[in-house]
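Below is one structure, written out as structure tokens, with a few remarks after it.
Letters go in sequence order (proteins before strands), and every chain restarts at 1. This one's a predicted model, so the numbers in the text were calculated from it and none came from an experiment.
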Amino acid sequence: MSPVRVRFAPSPTGALHIGGIRTALYNYLFARQQGGTFIVRVEDTDQARFVPGAENYILRSLEWVGLIPEEGPEQGGPYGPYRQSERKEIYMDYARKLVEAGRAYYAFDTPEELEAMRQRLATPENPMPRYDFLSRMGMKNSLTLTAEEMAAMRSNGVPEVIRLKVPEGEKVKITDLIRGEVEFATQELDDKVLMKSDGMPTYHMANVIDDRLMRISHVIRGEEWLSSTAHHVLLYRYFGWEEEMPQFAHLPLILKPEGNGKLSKRDGAKFGFPVFPMDWKPEEGEHFEGFRETGFLPEALINFLVMLGWNPGTDQEIFNLEELIQAFSIGKIVKSGARFDYQKAKWFNAHYIQNLKPSEAVSLIQEEFLKHNRSVLSKQAADIFDMYRERVTLLPEFYSSGLFVVQAPDAVDPDFRSKKWKREWNAAFLDLADQLSCTDPFEKESLEPMFKNFMQTHGLKMGEFLPAIRVMVSGTPMGPDVYLMLKAIGASEAASRIRRGLEMLA
RNA sequence: GCCCCGUUCGUCUAUCGGUUAGGACACAAGAUUUUCAUUCUUGUAAGAGGGGUUCGACUCCCCUACGGGGUACCA
């Protein structure tokens, strides 16, 4: 068996959405598990759709979720370069060999002529005629033109491409690791363009050549490629590589949460959730929010994505990367498309937040505050984590919930003020503030008996007293344990907030 | 239109001919909690339809329906 080498091959035509992340993840897991190599190859053969910054975005996104390639445009490797635009010369040689072998040909049809052919041949039964064995002899190509005619076209600068000469009446069988045997009849296949008129290869050409040259053993990619795999097999065959051709695994697609079709970048805005790993802010065009900025942990995103279309066959749902490497198998990838479920994604995130190490949580919370130009001491961040670890779904909630620790509320809950607060409690609470300011140590153990005593002497119930304290400390009657809240702000601050709160409640 | 792939609770899925069709999210109820949340317990909820094959089909085969992908000098 040749060594396992897999590649993730994104095209820098925009931000990579989570479907791409999932494809990269499955490739990565397979490589790690098999002791193989995970490669990133940038497929930038479309000059017209090239988006500046997209490649960097993709690479940084992979980095954020922890999928670092061993070989790629940034780390190099023995089979580089790993950007197809930098491999441009390679492809034309191979394409010419195919022409010499009679398996491909030059074509000189303009876009207008192609359109005219489709118009001319279209019938109600066949609305999309192809450039294929049926139509190619009526077109301008090296099969129909004389050498003189071709020379004339070349000197006149007529655009020239190389097309694959797909035979008639043959079968192409593919063994897909996920779907099993899939068969295509070659008369259904068109004469795909291999080399474009700008000298760049198409996806099909570059893909086959590079997978071969980079010794790729398994091609794990989205289902949208299944149909064109027949063309790829033909290429391997004509180059004489069919015996050592990589194995294929075509992944099910991620579908919209509701309605029809696959998940698209617009769905994020439409349904109110991210579809990109990180914020995507191109120089022109729309901006999109990412999972990272929404407050997801990369581990949670990975765990959510891996379960969208794969399962271990057991009831276990929570996996870290190491466990996934152990448990993963291509055979357990599901065949049908999976709907994106944002609720489930949030559930995973809440789980990972709860299980954060305190030290990690502290720095994440400090980062959240920094985004609002505020700082919290690590002691304060630790207190915030204690109070909210089980109540937070998205990281930014640590800021909105925990802000009271560093900033006194400037208003009190109006509902509480009008419906629950009794003015006759005023003097008692003022008294409590004085007691509080000289309480030491300022812990639940010392506070609790004192509060019990206070409630008893003033005839207050827990359900009246504790919400009142919470309102004075944080502005709202609901929230975490009051003792933790008080401890987080300290004795003197607690006393002053009660005094201030009483003014606002009056 | 044609080609290819698919179809189990609302959603993600388990089951690889014999199960009370299991788990998770969501939802509902109850318990715990000073409140909210967490946590725990319980509950509602599924094999697209029709034919076969078989002693026996969710599972295998065929047809239909539906969904997805492809049908570009885009990937």
Using the side-chain hydrogen bond (donor to acceptor under 3.5 Å, both in side chains) criterion, which residues pair with A:Glu284? Sequence neighbours excluded. none
Step-by-step salt bridge (charged side-chain N to carboxylate O under 4.0 Å, His left out) determination, A:Glu464 to A:Lys420: CA-CA 8 Å; A:Glu464 297 171 324; A:Lys420 299 282 169 59; over 6 Å; no
Using only modelled atom types and a 3.5 angstrom limit, is any donor from either the side chain of A:Thr13 or the base of B:C74 paired with an acceptor on the other? no
Can you list everything that forms a ring-ring contact (aromatic ring centres under 6.0 Å, His included) with A:Phe328? Sequence neighbours excluded, please. A:Tyr26, A:Trp310
Could you list all N or O pairs between the protein and nucleotides 69-72 of chain B that sit under 3.5 Å apart?
| residue | atom | partner | partner atom | Å |
| --- | --- | --- | --- | --- |
| B:G69 | OP1 | A:Lys262 | N | 3.3 |
| B:G69 | N2 | A:Ser227 | OG | 3.3 |

Does any residue of residues 336-344 of chain A have a heavy atom under 4.0 Å from RNA chain B, and if so, which ones, in number order? A:Ser336, A:Ala338, A:Arg339, A:Asp341, A:Gln343, A:Lys344
Under the rule for ring-ring contact (aromatic ring centres under 6.0 Å, His included), what residues qualify as partners of A:His458, not counting sequence neighbours? A:Phe454
The criterion is ring-ring contact (aromatic ring centres under 6.0 Å, His included); which residues satisfy it with A:Tyr399, sequence neighbours excluded? A:Phe369, A:His372
Name all pairs fulfilling the side chain to side chain donor-acceptor pair (under 3.5 Å) condition that reach into residues 470-486 of chain A, sequence neighbours left out, sorted by first residue then second. none
Mark yes or no for a side-chain to base donor-acceptor pair under 3.5 Å between A:Arg179 and B:C5, with no hydrogen or angle criteria applied. no
Nucleotide nearest A:Glu188 when distance is taken to its side chain, options B:A75, B:C2, B:G67: B:C2
Output one line per pair: protein atom, nucleotide atom from nucleotides 38-45 of chain B, and distance, for all N/O pairs under 3.5 Å.
| residue | atom | partner | partner atom | Å |
| --- | --- | --- | --- | --- |
| B:U38 | O4' | A:Glu390 | O | 3.3 |
| B:U38 | O2' | A:Glu390 | OE1 | 3.4 |

Keeping to residues at least two apart or across chains, list the side chain to side chain donor-acceptor pair (under 3.5 Å) pairs with something in residues 107-117 of chain A. A:Asp109-A:Tyr131, A:Thr110-A:Glu112, A:Thr110-A:Glu113, A:Glu113-A:Lys140, A:Glu115-A:Gln119
For A:Phe304, the ring-ring contact (aromatic ring centres under 6.0 Å, His included) test, sequence neighbours excluded, returns A:Phe340
Listing request: all ring pair (Phe, Tyr, Trp, His ring centres under 6.0 Å) pairs with a residue in residues 160-180 of chain A, at least two apart in sequence or in separate chains. none
If the condition is side-chain hydrogen bond (donor to acceptor under 3.5 Å, both in side chains), which residues does A:Glu43 pass it with, not counting sequence neighbours? A:Arg41, A:Gln84
